[in-house]
Amino acid sequence: MEKMTSLKVNCWLQWLTGTLALLSGVPAMPVDVDRVCMAPSAAKYRLTFTGQWTQTAFPKHYPLYRPPAQWSPIIGVTHSSDYHIWQRNEYASNGVREFSERAEAWTLIKEVEAAGERIQSVYGLFSAPAVVGGTGQATTEFEVYARHSLLSFIVCIVPSPDWFVGIDSLNLCEGDNWIENISLDLYPYDAGTDSGFTFSSPNFETIPQDKITQITASFPSHPANSFYYPRLKHLPPIAKVSLTKIKNNQIFSLPIQPTQSNQIPSGNEIDGSLINTPLDCEVSVWSPWGLCKGQCGEKGVKHRTRYIHMHPANNGAACPPLEEKKLCIPDNCV
């Protein structure tokens with residue numbers, strides 16, 4: 001009897017919850033209390049971006065000149081949960097397209113400014129200078145409030161068709177506390193606007209536009225791709241970002257001027273320099289068989305060749321034979 005009564009009460013509560021939701025026009029979904037930041041006042045953070053794009057970690061097609069491997073300026077924003085500067089598995093905006101393809105930030109900045117209350121006014125937008133090399137650091141500081149506790153940023157990989165790294169909607173608030181320190185590895189993304197396979201590919205617009213996807217060691221699954229390393233389960237991180245809460249929480253009245261150091265830091269701060277990714281030899285397909293050479297009435301020999309597309313590096317698989325021969329009978333005898 002008690003079980004029957006309990007079952008009836010549960011059914012009645014479910015019906016009541018659903019009815020109230022219909023009457024109010026709001027679906028009966030639980031409130032995401034974890035997203036509500038209750039931290040007091042504001043927090044100030046130092047962001048340090050570290051490039052780990054080395055020739056040993058990413059030997060395939062590593063750009064040495066015109067232009068050499070480097071990073072664009074960082075464009076970042078602090079915002080609320082109903083805004084994204086970019087989002088995985090969604091289409092890139094025109095601003096993200098221009099930034100990821102040409103490192104031009106004007107349209108992207110205008111898009112961020114147009115977000116209105118979803119960003120933290122003028123202080124929600126910040127930047128850091130470019131890193132003129134595959135390795136190096138760029139540092140800046142920014143301020144974050146409880147109503148806009150999420151951090152997003154984007155950095156263009158230069159050169160590349162439309163590749164970038166970044167963070168989408170990292171919450172720096174946990175309940176009523178600001179996170180003190182956090183460090184994250186960064187991996188390449190494809191903006192879905194250019195179909196080039198290599199760092200230095202010419203412009204080849206993707207029609208129709210694809211969604212933003214993460215690039216992995218096996219995706220896109222094409223040997224020509226600069227990040228295609230089929231022997232690896234995961235790509236090594238190409239960069240990392242470190243965020244440190246500054247103890248002195250004085251509110252600054254003007255946007256702080258970013259600072260930068262392009263020198264490789266001492267110690268083991270750039271762990272990517274210690275990574276040796278094996279690069280296997282890549283060869284072309286065989287050429288057609290040549291003419292059969294030999295004396296009339298006797299067996300001859302014919303040859304075919306192939307050439308090296310990519311020399312091995314970092315103990316990768318050696319190149320196979322580049323020439324092959326087999327016996328034949330001359331077909332030009334009289």
Side-chain angles (χ1 to χ4, degrees), residues 35 47 49 51-53 58 61 69-115 118-119 124-128 130-131 150-171 184-222 224-229 232 234-241:
R35 301 289 285 184
L47 181 151
F49 173 85
Q52 298 180 161
W53 186 13
F58 300 92
H61 306 148
Q70 56 192 281
W71 301 93
S72 76
I74 299 170
I75 303 297
V77 63
T78 53
H79 57 91
S80 56
S81 59
D82 57 351
Y83 175 77
H84 297 272
I85 192 172
W86 68 273
Q87 195 173 10
R88 184 175 176 177
N89 297 326
E90 295 294 339
Y91 292 107
S93 65
N94 287 333
V96 171
R97 171 200 286 267
E98 291 182 9
F99 189 70
S100 61
E101 290 185 7
R102 300 187 296 274
E104 295 178 359
W106 178 257
T107 302
L108 181 60
I109 291 173
K110 289 298 180 183
E111 289 177 352
V112 173
E113 291 176 344
R118 294 178 296 171
I119 68 168
L125 180 63
F126 65 89
S127 66
V131 176
L150 304 183
L151 167 70
S152 296
F153 71 83
I154 184 171
V155 187
C156 176
I157 298 174
V158 181
S160 74
D162 59 343
W163 301 339
F164 67 91
V165 299
I167 284 178
D168 171 40
S169 303
L170 173 66
N171 199 345
L184 299 171
D185 290 330
L186 302 177
Y187 299 89
Y189 282 88
D190 188 322
T193 62
D194 191 297
S195 296
F197 272 126
T198 66
F199 294 116
S200 301
S201 293
N203 184 46
F204 183 39
E205 185 178 359
T206 301
I207 302 176
Q209 180 177 336
D210 287 335
K211 294 182 178 180
I212 296 173
T213 55
Q214 184 172 347
I215 301 171
T216 69
S218 57
F219 179 82
S221 182
H222 195 291
N225 191 281
S226 290
F227 286 111
Y228 185 70
Y229 295 96
L232 299 182
H234 306 284
L235 285 175
I238 196 170
K240 75 173 183 179
V241 62

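Note: Y189 and F164 have parallel aromatic rings, judged against thresholds of 30 and 60 degrees for the angle between ring planes. Taking the six-membered ring for Trp and thresholds of 30 and 60 degrees, F199 and W53 have ring planes inclined between 30 and 60 degrees apart. Ring geometry, W71 versus F49: the interplanar angle exceeds 60°, so the pair is classed perpendicular (tilted spans 30 to 60°).
Not a single donor-acceptor pair under 3.5 Å links the side chain of S201 to the backbone N or O of G196. No donor-acceptor pair closer than 3.5 Å links the side chain of W106 to the backbone N or O of G95. Listed for the D194 side chain is no donor-acceptor partner under 3.5 Å among the backbone atoms of D162. Without hydrogens or angle criteria, T206 side chain to S195 main chain gives a donor-acceptor distance under 3.5 Å. A donor-acceptor pair is defined here as one N or O able to donate and one able to accept, closer than 3.5 Å; such a pair exists between the side chain of S152 and the backbone of S169.
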Take E205 and R97 through the side-chain contact (heavy atoms from CB on, under 4.5 Å) test and state the conclusion after the steps.
CA-CA 11 Å; E205 185 178 359; R97 171 200 286 267; 3.9 Å; yes
Stepwise side-chain contact (heavy atoms from CB on, under 4.5 Å) test for Q52 and I238
CA-CA 5 Å; Q52 298 180 161; I238 196 170; 5.9 Å; no
Using side-chain contact (heavy atoms from CB on, under 4.5 Å), reason through L186 and F153 one step at a time and then give a plain yes or no.
CA-CA 11 Å; L186 302 177; F153 71 83; 4.1 Å; yes
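The minimum heavy-atom distance between I157 and P188, with the atom names listed, is CD1-CB, 4.0 Å. The minimum heavy-atom distance linking P220 with F197 is given by the pair CB-CE2, 4.2 Å. Contact detail for Q209 and Y91: the closest heavy-atom pair is O-CE2, 3.2 Å. The nearest pair of heavy atoms linking G51 to A239 is CA-CB, 4.2 Å. When all heavy atoms of Q70 and V131 are compared, the pair lying nearest together is CB-O, 3.4 Å.
Considering CG of L151 and CG of N171, their distance stands at 10.0 Å, rounded to 0.5 Å. Rounding to the nearest 0.5 Å places OG1 of T78 at 7.5 Å from CD1 of I119. Between E104 atom CD and C156 atom SG the span is 10.5 Å, to the nearest 0.5 Å. I212 contributes atom CD1, which lies 9.0 Å from atom CG of D190 (distance to the nearest 0.5 angstrom). With rounding to the nearest 0.5 angstrom, the CD1 atom of I85 is 9.0 Å from the CD1 atom of I109. The structure places CG of N89 at 8.5 Å from CD of Q87, a figure rounded to the nearest 0.5 Å.
Residues D168 and W86 meet the side-chain proximity criterion, which asks for heavy atoms closer than 4.5 Å. Residues S72 and F99 are in side-chain contact: their nearest non-hydrogen atoms beyond the backbone lie under 4.5 Å apart. Counting heavy atoms from C-beta on, the side chains of I74 and S127 never come closer than 4.5 Å. With contacts defined as side-chain heavy-atom distances shorter than 4.5 Å, the pair L232/T216 does not qualify. Y228 has its side chain within reach of S221: a pair of non-hydrogen atoms, C-beta onward, lies under 4.5 Å apart. Counting heavy atoms from C-beta on, the side chains of L184 and L170 come closer than 4.5 Å. Contact check for W163 versus S226: side-chain heavy atoms found under the 4.5 Å cut-off. Side-chain atoms of L150 and S80, non-hydrogen and from C-beta on, never get closer than 4.5 Å to each other.
With respect to L108, the side-chain contact (heavy atoms from CB on, under 4.5 Å) criterion is satisfied by exactly one of L125, N94, V96: V96.
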